[in-house]
There are 2 protein chains.
Amino acid sequence: MEPDALSAIASPRRREILRLVWNGEQTAGAIHRSMPDVTFGAVSLQLRSLVEAGLVEVRPQRQNRYYRARREAFGPVGQILERMWADALWKLQLAAELEQTRRGPKPRARRAKKRKV
Amino acid sequence: MEPDALSAIASPRRREILRLVWNGEQTAGAIHRSMPDVTFGAVSLQLRSLVEAGLVEVRPQRQNRYYRARREAFGPVGQILERMWADALWKLQLAAELEQTRRGPKPRARRAKKRKV
DNA sequence: CTGTTATTTTAGTTTTTACTAAAATACGGT
DNA sequence: ACCGTATTTTAGTAAAAACTAAAATAACAG
């Protein structure tokens with residue numbers, strides 16, 4: 001088991017991403033479309049952290065980047081995830097957690113335009 | 001499995017506490033003596049969060065409070081914990097994580113003495 | 001080259017987590 | 001009542017995590 005598997009699956013957001021790429025690859029865009037309550041950038045950052053933890057692989061093709069879980073990296077944790085996803089009670093729990101941690105819109109803070117060097 | 005089991009075991013500090021109360025009860029003081037790099041208050045707070053998550057039980061007796069893991073609340077996660085504790089590589093990993101997240105001493109900031117009302 | 005689509009990266013904000021020191025509480029002993 | 005030990009709670013700090021909006025990058029199409 002990858003050492004960071006435990007902290008990776010502690011986050012409901014990352015668990016949701018893992019579920020989407022568990023049984024096949026998905027583009028970053030498709031993943032984002034499945035979680036419209038966060039920005040594309042936020043999804044991309046979570047994907048990066050999963051890749052850096054060795055838990056997800058990426059395959060670039062054309063303009064897209066296809067992500068998929070490296071299931072062998074999860075060891076026994078993988079079974080726990082699969083069990084959770086199969087369990088309807090867990091689905092409700094996940095919805096509640098996402099609702100709870102939803103961030104509201106933020107006050108502006110425009111950055112100055114950076115010149116191309 | 002309790003819904004918060006996953007985030008509970010993501011923290012190396014809470015995993016260490018759970019290990020101490022896994023096979024029998026321990027007083028808060030005994031737990032603290034096993035982790036002298038944090039204050040008693042910090043241990044007490046972690047114990048509280050574990051109790052609130054339904055993962056640990058407390059039994060008050062005399063001036064002491066005895067804590068023990070509610071192993072049935074962990075489901076398959078319990079096996080993962082036991083496996084980790086039996087595994088020397090995981091022990092090294094834990095030591096590294098605890099070392100990494102150790103907080104240094106802090107700059108003072110005395111609070112005003114609160115009068116007894 | 002220009003424009004479009006897909007995605008990542010940057011810089012800044014907010015929230016959460018883990019902690020500390022000190023104060024408060026609880027319990028029993030004398 | 002006062003004292004000592006055990007523990008919790010409070011108030012504040014610091015750092016990490018999660019997020020946003022905007023800018024930057026990349027790959028392709030024309």
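All heavy atoms count here, side chains included; hydrogens, waters and symmetry mates do not. Here is how names work: the chains are called A, B, and so on, in the same order as the sequence lines, proteins then strands, and each is numbered from 1.
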Could you write out each protein N or O paired with an N or O of nucleotides 28-30 of chain C at a distance under 3.5 Å?
unit_1	atom_1	unit_2	atom_2	d
C/dG28	O3'	B/Arg62	NH1	3.3

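- Side-chain N or O atoms of A/Ser34 include one that pairs as donor or acceptor with a backbone N or O of A/Ala30 at under 3.5 Å.
- Between B/Glu16 atom CD and C/dC19 atom P there is a gap of 12 Å when expressed in whole angstrom units.
- By the side chain to side chain donor-acceptor pair (under 3.5 Å) test, B/Arg68 is found to be paired with B/Glu57, residues two or more places apart in sequence or in another chain being considered.
- Neither OP1 nor OP2 of D/dA6 sits under 4.0 Å from any side-chain N or O of B/Tyr67.
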Donor-acceptor contacts, no H, no angles, side chain residues 42-50 of chain A, under 3.5 Å, sequence neighbours left out:
unit_1	atom_1	unit_2	atom_2	d
A/Gln46	OE1	A/Arg14	NH1	3.1
A/Ser49	OG	A/Gln46	O	2.9

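- The phosphate of C/dT7 (OP1 or OP2) has a side-chain N or O of A/Asn64 nearer than 4.0 angstrom.
- Within residues 43-52 of chain B, the residues approached by DNA chain D to less than 4.0 Å at the level of any non-hydrogen atom are B/Ser44, B/Leu45, B/Arg48, in residue-number order.
- Residues meeting the side chain to side chain donor-acceptor pair (under 3.5 Å) test with B/Arg33, sequence neighbours left out: none.
- Taking every heavy atom of residues 22-36 of chain B and every atom of DNA chain C, no pair lies under 4.0 Å.
- In the set D/dT8, D/dT20, C/dA21, D/dT8 carries the atom at the smallest distance from any side-chain atom of B/Arg65.
- For B/Asn23, the side-chain contact (heavy atoms from CB on, under 4.5 Å) partners are B/Arg71, not counting sequence neighbours.
- Here the P atom of nucleotide C/dT8 and the CZ atom of A/Phe40 are 6 Å apart, to the nearest Å.
- As a whole-Å value, the separation of B/Tyr66 OH from D/dT5 C1' is 13 Å.
- For A/Arg13 and C/dT15, the CZ to C1' distance is 14 Å, given to the nearest whole Å.
- Judged as a ring-ring contact (aromatic ring centres under 6.0 Å, His included), the pairs with a partner in residues 44-79 of chain B (not counting sequence neighbours) are, in order, B/Trp22-B/Phe74.
- Every residue was checked against the side-chain contact (heavy atoms from CB on, under 4.5 Å) condition with A/Gln63, not counting sequence neighbours, and none meets it.
- Residue A/Thr39 places none of its side-chain N or O atoms closer than 4.0 Å to OP1 or OP2 of D/dA21.
- OP1 or OP2 of D/dA18 has at least one side-chain nitrogen or oxygen of A/Arg14 nearer than 4.0 Å.
- Residues that satisfy the side-chain contact (heavy atoms from CB on, under 4.5 Å) test with A/Gln79, not counting sequence neighbours, are absent from this structure.
- Protein atom CD1 of A/Ile17 is 16 Å distant from nucleotide atom P of D/dA17, rounded to whole Å.
- Residue B/Ala10 comes nearest to A/Ser7 through the heavy atom pair CB-CA, 4.0 Å, listed as atom of the first residue, atom of the second, then distance.
- By the side chain to side chain donor-acceptor pair (under 3.5 Å) test, A/Glu52 is found to be paired with no residue, residues two or more places apart in sequence or in another chain being considered.
- Every residue two or more places apart in sequence or in another chain that forms a side chain to side chain donor-acceptor pair (under 3.5 Å) with A/Arg19 is listed here: A/Glu16.
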